[in-house]
Amino acid sequence: MPLRLYNTLSGQKEEFRPLVPGQVGMYVCGVTVYDYCHLGHARANIVFDVVYRYLQYAGYRVTYVRNYTDVDDKIINRANERGISSQELAETFIRAFDEDMAALGLATPTHQPKATEFIPQIIALVEKLIARGLAYESAGDVYYSVDKFAGYLKLSKRTMEEMQAGARIAPGEQKRNPMDFALWKAAKPGEPSWASPWGAGRPGWHIECSAMSSTLLGDSFDIHGGGRDLIFPHHENEIAQSEGASGQPFVRYWLHNGFVNVNQEKMSKSLGNFFTIRDILDKYDAEVVRFFILTAHYRSPIDFADQQLDEAGQALARCYEALDQAGRVSAATGDGAVPAELAEAVGRLAELDSRFREAMDDDFNTAQAIGHLFEGVRALNRLLAADSPDLAGTIAAGRETLLRLGEVLGLFRSVPADWLNRQAQRRLAASGLDAAAIEALINERQAARKERNFKRADEIRDILVEKGVLLLDGPEGTSWKLK
RNA sequence: GGCCCCGUCGCCAAGUGGUAAGGCAGAGGUCUGCAAAACCUCCAUCACCAGUUCAAAUCUGGUCGGGGCCUCCA
């Protein structure tokens with residue numbers, strides 16, 4: 001079954017046919033580096049990380065470009081507030097972004113260009129747009145003349161009339177049409193600037209992406225991604241710039257991820273209801289965050305709530321428990337015979353890869369793919385419960401499959417026992433309980449059990465249960481975990 | 001105001017014409033001295049109304065409810 005993906009441009013799912021068979025060029029709008037990233041950035045980047053991983057798993061050679069926009073009004077303003085240079089500010093937050101993405105387990109893109117490294121290409125692009133009559137200079141600024149580009153608003157599917165209401169001309173701007181947008185801004189005192197044919201200045205917002213994508217991927221490429229909120233104006237303007245300059249179709253497939261909501265409302269800086277990635281990773285395991293994000297389809301909104309993250313942690317633990325158990329099964333010694341009642345479970349595991357691909361081929365339906373992984377986990381647990389040496393080979397193969405598919409989603413990448421242990425530590429720290437005191441009670445209970453004083457043993461269990469501590473009696477003694 | 005999206009079990013969430021995946025929580029059972037984990041069994045007719053169709057959660061119209069975009073934003 002071919003890969004199908006939802007193209008914002010056409011408004012429907014389409015079969016994916018890359019420009020060059022077997023290869024994919026993909027550009028994702030990164031961040032404007034003026035602050036720490038929030039959960040919304042985490043979602044966008046995780047979603048496209050999975051797209052990147054899956055395309056590779058499906059056999060494509062992928063060139064993945066994710067940019068840093070490191071020159072912009074917001075950066076300049078923030079830098080001025082802090083009394084540092086915008087370059088210094090940008091570098092600080094580029095570093096922070098890199099750390100956050102690494103913490104979330106993202107694969108590194110093929111290229112991570114910075115806008116300020118592409119100033120010559122940006123200037124050349126603006127010159128080309130002027131030469132083609134699509135842009136005009138006005139008092140040191142250069143604006144894109146949107147009514148000269150026939151395809152304008154084809155991505156956001158609006159009309160100029162609909163947009164006019166919200167269009168504004170900011171003080172100091174010399175636009176012919178309120179909808180025109182700046183390609184180049186004349187330098188004001190104290191701003192970073194570069195020499196250009198129109199005097200000292202700096203790029204406008206959208207142009208850097210057109211310049212970087214065409215340089216690194218060509219005038220036409222396969223996939224362009226970003227958050228929904230970038231559809232207008234950012235991506236619309238990119239299309240106008242890139243297609244206006246090259247005369248070629250810019251992007252074949254536009255992919256946009258949905259928002260992260262908090263209490264049913266969009267999380268955004270203007271509403272002040274955002275959580276930074278750092279805030280979240282302080283409280284939750286990075287893989288739990290990734291898992292949570294991938295349990296919803298990428299185009300749907302997701303509502304962030306503690307309860308959801310806790311449940312995601314429980315669910316992920318179920319996977320790691322099974323992987324841990326499966327990893328402990330010693331090498332096959334039997335003849336590999338499968339009892340009839342386990343044939344279904346074995347079949348599940350055998351089909352897992354194709355089911356997973358089927359889900360992912362349907363517009364990267366990670367929610368469904370994860371559903372299949374859980375069926376795999378159950379099947380694996382069934383085989384483990386049978387406790388038969390004959391099944392060791394099958395269990396090992398099933399475990400390998402789960403790990404391989406998990407890797408495509410960026411999941412199951414820890415040593416299971418380590419992950420489970422880390423979770424336990426994290427919860428213990430959060431609970432404020434004293435591990436030594438718990439251990440002491442466990443020792444007392446062990447002594448009681450030895451004397452077959454089950455009354456006292458159960459009392460101790462009850463005491464600990466009340467504190468949220470569960471005792472686990474195993475062949476190698478008693479361990480414990482938090483409820 | 002214009003345009004658009006959504007409303008599926010207690011919670012989360014797939015499914016977009018052929019009779020409801022999965023996770024969490026819950027109930028019963030197996031296992032266990034007792035527990036936990038695991039396994040087995042059970043647990044929804046898809047906001048409402050009216051249509052189209054042999055057949056609708058899935059299509060059409062309407063009602064109610066929630067959200068987004070139109071301005072910087074993943």
Side-chain angles (χ1 to χ4, degrees), chain A residues 11 13 28-32 34-35 37-48 72-74 77 153 156-159 161-168 170 205 225-234 256-261 264-271 274 291-292 295-297 299-303 305 307-319 321-322 324-325 341 345 355 359 362 365-375 377-378 380-387 449 452-455 457-458 461-462 464-465 470-474 478-481 483:
Chain A
K13 286 183 194 172
V28 172
C29 288
V31 283
T32 299
Y34 72 103
D35 204 345
C37 288
H38 56 62
L39 246 194
H41 297 106
R43 184 181 194 191
N45 283 285
I46 286 171
V47 160
F48 290 105
D72 172 85
D73 289 357
K74 291 191 292 291
N77 293 339
L153 303 182
S156 49
K157 304 186 194 335
R158 292 169 207 237
T159 65
E161 291 69 45
E162 286 164 15
M163 301 300 291
Q164 295 291 352
R168 300 273 154 71
W205 180 28
R228 288 193 78 79
D229 45 0
L230 294 181
I231 294 173
F232 185 88
H234 187 55
H256 292 97
N257 65 275
F259 293 128
V260 175
N261 295 153
Q264 324 280 11
E265 271 189 325
K266 176 185 171 183
M267 178 171 74
S268 77
K269 299 196 174 173
S270 43
L271 291 171
F274 66 92
F291 182 90
F292 165 67
T295 51
H297 185 90
R299 282 189 281 117
S300 306
I302 51 172
D303 198 42
Q307 190 194 344
Q308 301 316 324
L309 271 290
D310 289 337
E311 286 182 4
Q314 293 283 95
L316 187 55
R318 178 173 161 83
C319 299
E321 294 272 10
D324 186 40
Q325 293 303 316
E341 69 272 16
R355 284 176 186 271
D362 183 15
N365 193 338
T366 53
Q368 184 156 67
I370 287 174
H372 291 322
L373 293 187
F374 274 105
E375 290 183 342
V377 167
R378 169 176 284 119
L380 196 59
N381 278 330
R382 284 188 68 171
L383 300 185
L384 286 163
D387 196 25
R449 289 178 77 203
R452 303 197 64 80
N453 182 355
F454 293 124
K455 183 160 174 286
D458 287 348
R461 178 185 284 287
D462 291 342
L464 288 171
V465 162
L470 288 176
L471 299 186
L472 312 176
D473 294 330
T478 298
S479 60
W480 57 279
K481 71 173 185 180
K483 227 192 314 196

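A, B, ... follow the sequence lines: proteins, then strands. Residue 1 opens every chain. Just so it is clear, the model here is predicted, and its values are computed rather than measured.
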Can you tell me how far apart NE2 (A:His297) and OG1 (A:Thr366) are? Round to the nearest 0.5 Å. 7.5 Å
What integer number of Å spans the C1' atoms of B:rU52 and B:rG10? 35 Å
Tell me if the side-chain of A:Arg382 makes a donor-acceptor pair with the base of B:rC39, cut-off 3.5 Å, by modelled atom types. no
Using the P atom as the reference point in each nucleotide, state the distance between B:rG23 and B:rA14 in Å, no decimals. 15 Å
Hey, which sits more toward the 5' end of RNA chain B by its nearest nucleotide, A:Met267 or A:Asp473? A:Asp473
Would you say that A:Ile302 contacts A:Asn261 through its side chain, given a criterion of any heavy-atom pair below 4.5 Å between the two side chains? no
Donor-acceptor pair between A:Glu311 and A:Gln307 side chains, under 3.5 angstrom: yes
Using a heavy-atom cut-off of 4.0 Å across all strands, would you classify A:Arg43 as base, sugar-phosphate, or nothing? nothing
Integer angstrom distance from the P of B:rA44 to that of B:rA20: 11 Å
Measuring to OP1 and OP2 of B:rC39, would you say a side-chain N or O of A:Asn381 lies under 4.0 angstrom away? yes
So, are A:Asp35 and A:Lys74 salt-bridged, with charged N and O less than 4.0 Å apart? no
Base, sugar-phosphate, or nothing: which does A:Gly227 touch, judged by heavy atoms less than 4.0 Å apart? sugar-phosphate
Measuring only the C1' atom in each nucleotide, how far is B:rA50 from B:rA56? A whole number of Å is fine. 14 Å
Please give the distance between the C1' atoms of B:rC54 and B:rC43 as a whole number of Å. 32 Å
Taking the nucleotide of RNA chain B with the closest heavy atom to each, which residue, A:Arg452 or A:Ser300, is nearer the 5' end? A:Ser300
Could you identify the nucleotide paired to B:rA47, looking across every strand shown and requiring Watson-Crick or G-U wobble geometry with both distances under 3.5 Å? B:rU63
Could you label the plane-to-plane angle of the A:His38 and A:Phe274 rings as parallel, tilted or perpendicular, counting under 30° as parallel and over 60° as perpendicular? tilted
Quick one, give me the B/S/- string for nucleotides 21-26 of chain B, reading 5' to 3', where B means a protein heavy atom under 4.0 Å from the base and S means that only happens at the primed atoms, P, OP1 or OP2. BSBBS-
With the criterion being N/O to N/O and under 3.5 Å, what pairs connect the protein with nucleotides 65-67 of chain B, and how long is each?
none

For nucleotides B:rC9 and B:rU58, find the distance between their P atoms and express it as a whole number of Å. 15 Å
Pairwise C1' distance, B:rC40 and B:rC4 [rounded to whole Å]: 47 Å
Can you check the distance between B:rA37 and B:rG26, where both ends of the measurement are the P atom (answer in whole Å)? 10 Å
Presence of donor-acceptor pair under 3.5 Å, side chain of A:Asp229 and base of B:rC69: no
